[in-house]
Amino acid sequence: MRFFTDKRKLFTILILLSILFTSFFHLDVLFADETEQENVPWPTAPSIYGTSAILIDADSGAVLYANNVHEKLYPASITKIMTGLLSIEHLSMNDTITYTDDVLNSLPGDASKLGLMSGETTTIHDALYALFLRSANDAAVGLAKKISGSEQAFGELMTERARQIGALDTNFVNSTGLHDDMHYTTAYDMALITRAAMSNSEFSAIWGCQNYTLAATNLSESYRIWHTHSLLVSTSNYYYPSAIGGKTGYTDEAGRTLVTAARKNGLTLISVIMKSDNEHIFSDTASLLDYGFQNFTRVNIKESETRFGTDSSGIPVINKLYGSSAEIFSLSGDTILIPANLSLSEIPYTIEFLDTPDNNVVASITYEYQGNYLGKASLLMNLSNSSQIPLSKPQKAENSSDISSSIKETASINIYILVGILVSCLVIGFILFKILRFRHKMAQMKKRRTYK
């Protein structure tokens with residue numbers, strides 16, 4: 001019986017070691033600043049008529065306004081943002097398209113067209129201007145078939161590219177946005193797609209052009225076309241001087257859809273409104289952009305973050321958490337958008353340390369205000385001093401002048417040490433088990449000799 005009692009003791013010891021092990025060590029380090037968030041309310045946004053609308057910062061991805069942004073709706077011709085992006089990524093601007101009856105006859109009679117004729121040839125460059133400025137469906141289908149051979153195959157490529165961008169609630173089946181029950185997206189996804197497209201300089205140059213002269217083709221003379229997006233046209237009543245690009249859309253099922261980008265005072269904003277109408281779509285977009293420009297400002301983390309404190313050389317005092325005065329860490333120069341009536345010191349943050357450094361990034365700093373994501377920065381490891389980084393857990397700051405007293409800590413060490421300690425516990429447990437088993441056998445043998 002004693003052997004089984006000893007076994008129970010052994011198992012109890014191992015369980016206690018496991019509890020101690022898992023409670024002391026974690027796979028990441030999280031410091032959370034608990035700055036009071038309720039003193040200053042989030043800026044009041046205008047009322048938007050459309051079923052769904054969103055305003056984001058093109059640089060950080062911060063969402064400044066959101067209403068029903070994940071509802072799946074029909075996009076109409078804002079679909080062509082993806083069509084244009086894929087065309088730029090897959091084709092050369094000097095390539096040509098010859099428009100056949102197969103392309104031209106696939107479109108309904110009331111669809112927006114450039115008026116191309118069977119056998120007419122244009123460059124990819126001119127087809128893209130027709131796509132964005134005139135929302136030409138004949139150009140869209142020509143581009144799709146040039147890339148994928150068919151609308152169906154191109155729709156699959158569009159959806160795959162959307163997934164890569166992070167637009168997970170989107171399914172495209174054609175290049176035009178002409179109605180199909182299975183062709184849908186969300187305002188949030190369209191903002192992500194537009195942000196990705198705007199990172200391409202060729203895309204940005206084309207979709208923001210107020211007018212363009214199409215070159216003569218084998219069947220027609222050159223002529224000028226104008227953008228259908230009223231905020232981009234200087235002669236329009238809705239002209240918005242800060243607008244730098246956009247795409248209109250309309251079908252009976254989708255209503256009015258509109259994507260707009262604007263730049264002012266160092267901010268680049270993207271607005272998406274879906275399922276609106278003629279009366280509200282342009283004025284609501286202007287109001288949404290005004291809201292963003294008037295209520296938010298951009299700050300540089302490296303220049304503005306003061307809560308960690310710095311030593312005489314400007315190195316964040318977060319180094320002291322590791323018990324080292326060496327210049328181990330520095331902040332990245334990332335910028336984020338914050339409400340204009342707040343300072344960065346009033347924006348709560350979390351710092352999440354990576355298990356192992358990614359290049360010289362050892363942690364990410366996420367800023368949020370009242371549940372609204374504002375952006376991220378990085379904590380960098382100075383590579384010349386990387387050998388000085390200890391593998392043990394961070395230490396508590398000794399006083400509030402070192403780092404904010406509201407920071408909470410959970411411990412962390414390198415994953416390889418975790419594995420090593422776990423293996424050591426198992427080895428020790430196995431050895432103890434063998435010792436107890438040997439003692440049990442010896443006791444049994446002694447007992448038998450005694451009875452003899």
Side-chain angles (χ1 to χ4, degrees), residues 26-35 56-64 164-166 192 195-196 198-199 266-268 296-311 313-339 342-369 371-395 397 402-404 406-415:
H26 298 273
L27 294 182
D28 35 26
V29 181
L30 185 66
F31 297 98
D33 175 60
E34 297 176 341
T35 302
I56 71 167
D57 172 34
D59 295 310
S60 67
V63 177
L64 311 182
Q164 293 171 1
I165 292 170
L192 294 182
R195 184 184 179 210
M198 286 178 61
S199 67
L267 307 184
T268 302
F296 296 89
T297 186
R298 186 171 303 287
V299 297
N300 183 290
I301 302 301
K302 188 171 185 177
E303 296 173 356
S304 305
E305 182 58 88
T306 59
R307 284 169 289 185
F308 301 144
T310 57
D311 59 21
S313 61
I315 301 300
V317 178
I318 195 170
N319 292 309
K320 295 182 180 180
L321 289 170
Y322 280 82
S324 171
S325 60
E327 298 176 3
I328 295 174
F329 296 124
S330 61
L331 288 169
S332 67
D334 297 78
T335 62
I336 65 167
L337 238 56
I338 65 173
L342 292 172
S343 65
L344 183 61
S345 63
E346 298 173 276
I347 306 297
Y349 64 84
T350 57
I351 306 177
E352 186 171 3
F353 282 77
L354 306 179
D355 295 333
T356 55
D358 182 7
N359 293 323
N360 63 329
V361 176
V362 295
S364 64
I365 306 171
T366 301
Y367 293 87
E368 292 185 350
Y369 190 76
N372 297 286
Y373 168 81
L374 297 176
K376 287 190 175 185
S378 298
L379 194 64
L380 308 176
M381 176 177 66
N382 298 323
L383 296 178
S384 60
N385 294 296
S386 60
S387 62
Q388 302 177 47
I389 293 182
L391 294 177
S392 59
K393 65 175 182 175
Q395 304 168 8
D402 287 342
I403 194 166
S404 170
S406 62
I407 289 179
K408 297 186 298 184
E409 173 190 353
T410 59
S412 172
I413 63 171
N414 188 287
I415 184 64

Report task. Only counting residues at least two apart or in another chain, list the ones meeting side-chain contact (heavy atoms from CB on, under 4.5 Å) with Thr366. Result ->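 Expected list: Thr350, Glu368, Tyr373, Lys376.
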Exercise for review: Apply side-chain contact (heavy atoms from CB on, under 4.5 Å) to Ala62 and list each qualifying residue two or more places apart in sequence or on a separate chain.
Suggested key: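 Here the qualifying residues are Asp57, Ser60, Leu64.
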Is there a side-chain contact (heavy atoms from CB on, under 4.5 Å) between Ile301 and Ile336 once you walk through the steps? CA-CA 7 Å; Ile301 302 301; Ile336 65 167; 3.9 Å; yes
Inset, instruction - Apply the test side-chain contact (heavy atoms from CB on, under 4.5 Å) to residues Leu374 and Tyr369: give CA-CA distance (whole Å), side-chain angles for both, the deciding distance (0.1 Å), then the verdict. - result: CA-CA 7 Å; Leu374 297 176; Tyr369 190 76; 3.9 Å; yes
Taking atom [atom1] of [X] and atom [atom2] of [Y], what is their separation to the nearest 0.5 Å?
{"X": "Leu342", "Y": "Ile347", "atom1": "CG", "atom2": "CD1", "answer": "4.5 Å"}
{"X": "Ser378", "Y": "Asn360", "atom1": "OG", "atom2": "CG", "answer": "8.5 Å"}
{"X": "Thr335", "Y": "Glu303", "atom1": "OG1", "atom2": "CD", "answer": "10.0 Å"}

* **Partners passing side-chain hydrogen bond (donor to acceptor under 3.5 Å, both in side chains) against Ser332 (at least two apart in sequence or in another chain)** =>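 For Ser332 the side-chain hydrogen bond (donor to acceptor under 3.5 Å, both in side chains) partners, ignoring immediate neighbours, are Asp334.
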| task | Kindly write out the residues that satisfy side-chain hydrogen bond (donor to acceptor under 3.5 Å, both in side chains) with Thr297, not counting sequence neighbours, or none if the list is empty. | result |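 By the side-chain hydrogen bond (donor to acceptor under 3.5 Å, both in side chains) rule, Thr297 matches no residue at all.
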Flag the pair Glu305 / Ile365 as yes when at least one side-chain heavy-atom distance between them is below 4.5 Å, and no otherwise.
->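 They are not in side-chain contact.
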On a heavy-atom basis, which atom in Leu267 and which in Phe296 lie closest, and how many Å separate them?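 That would be CD1-O, 3.4 Å.
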Identify the heavy atoms of Ala196 and Ile165 that sit nearest to each other, and give their distance.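 Reported closest heavy-atom pair: CB-CD1, 3.7 Å.
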Results of salt bridge (Lys or Arg N to Asp or Glu O under 4.0 Å) for Asp59 - residues two or more places apart only: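 So Asp59 forms a salt bridge (Lys or Arg N to Asp or Glu O under 4.0 Å) with Arg298.
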